[in-house]
Colleague: 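I'd like to ask you about the structure that follows.
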Amino acid sequence: MEPKRKAILEAALRMLDREQNTAAITVARIAQEAGVGKGTVYEYFRSKEEILLQSLFYYLDQLSQQLEGLNLDGGFREGFDQLMGCLQRLSEQCITLARSVVLGKAAQVCPSDVPEDWQERIGRTNKLVVGQFDNLAKQGVKEGAIPDYYQRIDLIYACMGLMTALVDYGSGQDSVLRQEGLEQKQFLDLCRRQFVHALSCP
């Protein structure tokens, strides 16, 4: 991806995180945030709406690429912390889009012209997330940390709980977990225990 196009999309992500609604976001402000001229923005995108839509896809592509590039062969605990760390970095990059991924909704980011394949792309991304946690669960079974009778539906619900926790923890001062004084290591330990517990219920 060309550096200027990438800078524009990442600027849009930062603005989506700061603004309460998309009405306050303009092409001029995106250009200023990206450090490029307004004319440069129009070399790559036709409108603000297109920028916001493409930022959705850029975010999903980043998530997929980073998940696919993870090496989770170092053991259950290490792999869990690595996967959660990857998801946490991406959720904190743009908590608004992280919520959209968890909820499967783009309307809160792009109220109009939501592409028809949005749900399909969200589904593929979530399937990739569940697949990586499934790989970790199988590693946990080998190590005796997780019983071998866990069901896939339990895995899916466990993943939903983890993603919801990540979105909350990434919300900064608004985070319920952070208000409880939960530090990073404590947060990961809590998530790991909850994951194991969810898969250990007969």
Colleague: Locate the shortest heavy-atom distance separating Leu52 from Ala12; write the atom from each residue and the value.
Modeller: CD2-CB, 4.4 Å
Colleague: So which of Gln186, Arg193, Lys185 actually passes side chain to side chain donor-acceptor pair (under 3.5 Å) with Asp189?
Modeller: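 Passing option: Lys185.
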Colleague: Any chance you could measure Glu43, atom CD, to Glu2, atom CD, to the nearest 0.5 Å?
Modeller: 9.0 Å
Colleague: Roughly how far apart are Asn71 CG and Glu78 CD, rounded to 0.5 Å?
Modeller: 9.0 Å
Colleague: Would you tell me whether Asn135 and Gln132 have side-chain atoms, one donor and one acceptor, within less than 3.5 Å of each other?
Modeller: yes
Colleague: With side chains defined as the heavy atoms from C-beta onward, is the minimum distance between Ser47 and Tyr42 less than 4.5 Å?
Modeller: no
Colleague: Restricting to non-hydrogen atoms, name the atom on Met84 and the atom on Cys191 that form the minimum distance, rounded to 0.1 Å.
Modeller: CE-SG, 3.6 Å
Colleague: Taking all atoms of both residues into account, what is the closest heavy-atom pair of Phe76 and Glu143, and its distance?
Modeller: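 That would be N-OE2, 2.9 Å.
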Colleague: Please examine the side chains of Leu53 and Tyr58, heavy atoms only from C-beta on, and report whether any two atoms are closer than 4.5 Å.
Modeller: no
Colleague: Out of curiosity, Asp148 CG to Lys138 NZ, how far, rounded to the nearest 0.5 Å?
Modeller: 12.5 Å
Colleague: Can you see which heavy atom on Ala137 is nearest to which on Leu155, and at what distance?
Modeller: CB-CD1, 4.4 Å
Colleague: Counting only N and O atoms by type, is there a donor-acceptor contact under 3.5 Å from the side chain of Lys48 to the main-chain atoms of Ile25?
Modeller: yes
Colleague: Using side-chain heavy atoms (C-beta onward) and a distance below 4.5 Å, is Ile30 in contact with Lys38?
Modeller: no
Colleague: Nearest heavy-atom pair of Ala7 and Ala34: which atoms, and what distance?
Modeller: O-CB, 3.6 Å
Colleague: Is any side-chain heavy atom of Leu9 less than 4.5 Å from a side-chain heavy atom of Tyr59?
Modeller: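 Result no, sub-4.5 Å side-chain heavy-atom pair not found.
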Colleague: I'd like to know if the side chain of Ser64 and the backbone of Leu60 have a donor-acceptor N/O pair within less than 3.5 Å.
Modeller: yes
Colleague: Measuring only between side-chain heavy atoms, which start at C-beta, is Tyr157 closer than 4.5 Å to Leu199?
Modeller: no
Colleague: Thinking salt bridges, do Asp81 and Arg192 make one under a 4.0 Å N-O criterion?
Modeller: yes
Colleague: Answer yes or no: does atom CD of Gln151 have more than 12 heavy-atom neighbours from other residues, nucleotides or ligands under 6.0 Å?
Modeller: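 Count not over threshold, so no.
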Colleague: How long is the straight-line distance from CD of Glu10 back to CD of Glu33, given to the nearest 0.5 Å?
Modeller: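 Reported to 0.5 Å precision, the distance equals 11.0 Å.
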Colleague: Nearest heavy-atom pair of Leu16 and Ser55: which atoms, and what distance?
Modeller: CD1-OG, 3.7 Å
Colleague: Keeping Glu50 on the side-chain end and Arg46 on the backbone end, is there a donor-acceptor pair under 3.5 Å?
Modeller: yes
Colleague: Is any side-chain heavy atom of Ile146 less than 4.5 Å from a side-chain heavy atom of Phe195?
Modeller: yes
Colleague: So, taking the atom named CG in Leu67 and the one named OG1 in Thr125, what distance separates them when rounded to the nearest 0.5 Å?
Modeller: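 Answer rounded to 0.5 Å: 8.5 Å.
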Colleague: If you round to the nearest 0.5 Å, how far is SG of Cys86 from CD of Gln65?
Modeller: 11.0 Å
Colleague: Got Phe133 and Leu162 here, is their nearest side-chain heavy-atom distance under 4.5 Å?
Modeller: yes
Colleague: So do Leu87 and Leu63 actually touch side chain to side chain, heavy atoms under 4.5 Å?
Modeller: yes
Colleague: Counting N and O atoms only, with roles assigned by atom type, does the side chain of Tyr149 sit under 3.5 Å from a partner on the main chain of Ser200, one being a donor and the other an acceptor?
Modeller: yes
